[in-house]
Protein chains: 2
Amino acid sequence: MMIDVRFPTALQMMLSLALAQAEGVERLSSAELAEGVDSNPTFVRRLLVPLMQAGLVRSTMGRDGGVSLGVDAAAITLGEIYKATLGDKKLWTGRSDIPHRCLVSCNVERFFGDLADEVDESVLRLLSKRTLADALLELRTLDAERV
Amino acid sequence: MMIDVRFPTALQMMLSLALAQAEGVERLSSAELAEGVDSNPTFVRRLLVPLMQAGLVRSTMGRDGGVSLGVDAAAITLGEIYKATLGDKKLWTGRSDIPHRCLVSCNVERFFGDLADEVDESVLRLLSKRTLADALLELRTLDAERV
DNA sequence: CAAATATGTATCTTTTATTATTGCATATCA
DNA sequence: TGATATGCAATAATAAAAGATACATATTTG
């Protein structure tokens with residue numbers, strides 16, 4: 001698993017924070033979050049940095065410290081989580097510095113870059129239609145469907 | 001560059017074949033294609049396998065052998081190239097086998113899987129709107145815009 | 001027929017993005 | 001002051017993908 005799992009991991013963390021908030025739990029520690037996503041606290045904290053910068057979560061240091069949502073779950077879209085977590089990493093990357101020899105090799109890089117941009121926008125549009133609160137509700141529905 | 005560049009590479013190969021066809025060139029060798037994409041013939045041939053199975057290209061063995069489009073460029077969509085090249089590889093993968101401990105950890109896997117499916121469909125829809133012939137035309141436009 | 005040269009394919013190595021681990025400074029509360 | 005949290009830097013381990021190599025097989029040409 002050396003695939004990039006930052007977004008799914010950040011999403012699960014945010015869902016855990018949303019659930020905690022809904023249940024009246026003040027905050028979760030990075031160790032608790034790490035246990036939930038089956039990873040380690042350092043990785044969790046690295047993911048938290050950009051989420052905090054975006055104001056999506058808030059953390060308190062020291063004993064009894066931890067993390068909680070920065071705003072209500074209904075005010076956070078999955079698109080915001082995605083953007084905060086991945087920055088401007090493109091979904092697709094093409095080969096770079098292809099030697100220019102013909103019509104194709106001279107222009108594919110820009111062509112593919114434009115295409116990749118369209119894909120990114122399309123994905124972000126899709127993600128921005130859903131809030132964290134929606135997602136938590138979907139989890140409850142899925143849970144109810146379990147046998 | 002250990003990022004997955006199979007789709008951009010396959011796309012460039014297909015564009016080269018489309019250009020060759022438009023210019024009356026019968027076929028290109030995997031070595032020529034490899035030079036164009038700045039890679040090696042083996043990688044090119046590996047990419048060609050699924051494209052041939054999908055009927056998008058046709059190859060002839062032996063001396064003077066090589067590859068050409070299987071059908072007209074106007075009849076091939078970028079979606080078909082993508083599907084043939086990547087098979088059913090998902091655009092996103094989540095963590096797997098997360099220990100089930102709460103509402104979130106019990107259901108995120110399916111939730112994220114469904115989300116990833118939606119994203120895949122969205123991307124494929126976008127890619128299927130464009131044919132290889134369209135793409136070649138865009139390359140010409142980009143080329144004309146170059147200073 | 002034989003030489004040249006292409007594809008088809010299996011195997012092995014190299015590369016590198018990403019995750020995991022470790023260590024420690026700093027902050028906070030009881 | 002001790003326990004325990006975050007913040008952060010540095011290093012190691014992992015694995016997906018590309019690259020390299022080797023060779024069997026097919027096809028054309030002289």
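Throughout, protein chains are lettered first and strands after them, A, B, ... in sequence-line order, and every chain is numbered starting at 1.
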#### Entry: Toward the 5' end of DNA chain C, by each residue's nearest nucleotide, B:R95 or B:S59
B:S59
#### Entry: DNA chain D-proximal residues of residues 109-116 of chain B, any heavy atom under 4.0 Å
none
### Query
Side-chain contact, heavy-atom cut-off 4.5 Å: B:V108 with A:L11?
no
#### Entry: Residues that A:R45 engages under side chain to side chain contact (heavy atoms under 4.5 Å, CB included), provided they are two or more places apart
A:S30, A:P41, A:T42
#### Entry: side chain to side chain contact (heavy atoms under 4.5 Å, CB included) against B:R101, all qualifying residues, sequence neighbours excluded
A:E35, B:P99, B:S105
### Query
Which salt bridge (charged side-chain N to carboxylate O under 4.0 Å, His left out) pairs, counting each pair once, include a residue from residues 75-91 of chain B, with sequence neighbours left out?
B:D4-B:K89, B:K90-B:D117
### Query
When we call it a touch if two heavy atoms are under 4.0 Å apart, what does A:R46 touch: a base, just sugar-phosphate, or nothing?
base
### Summary
Contacted region of DNA chain C by chain A, from 5' end to 3' end of the hits, cut-off under 4.0 Å to heavy atoms, spans C:dT18 to C:dC29
### Message
Tell me whether the rings of A:Y82 and B:W92 are parallel (<30°), tilted (30 to 60°) or perpendicular (>60°).
### Response
tilted
### Task
Scan residues 78-88 of chain A against DNA chain C and write down, sorted by residue number, each residue with any heavy atom closer than 4.0 Å; if none is found, say none.
none
### Close side-chain approach of B:L127 to B:T77, heavy-atom, < 4.5 Å
no
### Query
What is the distance from atom CD of B:Q21 to atom CG of B:L69, rounded to the nearest 0.5 Å?
4.5 Å
### Task
Apply the side chain to side chain contact (heavy atoms under 4.5 Å, CB included) test between A:R27 and each candidate in A:L17, A:V57, A:V67, A:T60; give the one that qualifies.
A:T60
### First of A:G65 and A:I3 reached from the 5' end of DNA chain D, by closest nucleotide
A:G65
### Summary
Sorted by number, residues from residues 21-31 of chain B placing a heavy atom under 4.0 Å from DNA chain C are B:S29, B:S30
### Message
I want to check something: taking the side chain as every heavy atom from C-beta on, are A:S16 and A:L28 in contact at a cut-off of under 4.5 Å?
### Response
yes
### Message
Please check this pair: side chain of A:E109 against backbone of A:S96, looking for a donor-acceptor N/O pair closer than 3.5 Å.
### Response
no
### Message
Report for the helix from C:dC1-D:dG30 to C:dA30-D:dT1: angle between first-end and last-end helix axes, five pairs each, rounded to 10 degrees.
### Response
10°
## Note on the structure
In whole angstroms, the gap separating C1' of D:dA5 from CG of A:L48 amounts to 13 Å
#### Entry: Residues B:D120, B:L124; criterion side-chain contact (heavy atoms from CB on, under 4.5 Å); working and verdict
CA-CA 6 Å; B:D120 275 339; B:L124 263 172; 5.6 Å; no
### Residues, nucleotides or ligands: over 12 heavy atoms within 6.0 Å of B:R58 CZ
no
### Message
Taking CZ in B:R110 as the centre, count heavy atoms belonging to other residues, nucleotides or ligands within less than 6.0 Å. Is the count above 12?
### Response
yes
### Query
What residues, two or more places apart in sequence or in another chain, satisfy side chain to side chain contact (heavy atoms under 4.5 Å, CB included) together with A:S122?
A:R125, B:S122, B:L126
### Query
Separation of A:Q53 atom CD from D:dG7 atom P, in whole Å?
11 Å
### Query
Are A:F112 and B:L15 side-chain neighbours, meaning at least one heavy-atom pair lies under 4.5 Å?
no
### Query
CG of B:D38 versus C1' of D:dG19: gap in Å, rounded?
12 Å
### Task
Please collect all salt bridge (charged side-chain N to carboxylate O under 4.0 Å, His left out) contacts where either partner lies in residues 136-147 of chain A, sequence neighbours excluded, each pair once.
A:R130-A:E138, A:D143-A:R146
### Task
Kindly work out whether a path of hydrophobic side-chain contacts (I/L/V/M/F/W/Y, heavy atoms less than 4.5 Å apart) joins B:M13 to A:I98.
yes
### Beyond-backbone contact of B:L139 with B:L19, side-chain heavy atoms, under 4.5 angstrom
no
Protein and nucleotides 24-30 of chain D: nitrogen or oxygen contacts under 3.5 angstrom:
unit_1, atom_1, unit_2, atom_2, d
D:dT27, O2, B:R63, N, 3.0

Please tabulate, one pair per line, each protein N/O and nucleotide N/O from nucleotides 21-23 of chain D that are separated by under 3.5 Å, including the distance.
unit_1, atom_1, unit_2, atom_2, d
D:dT21, O4, B:T42, OG1, 2.9

### Query
In the single-linkage hydrophobic clustering (I, L, V, M, F, W, Y; side-chain heavy atoms under 4.5 Å), do A:L103 and B:L33 co-cluster?
yes
### Query
Counting only N and O atoms by type, is there a donor-acceptor contact under 3.5 Å from the side chain of B:N40 to the main-chain atoms of B:F43?
yes
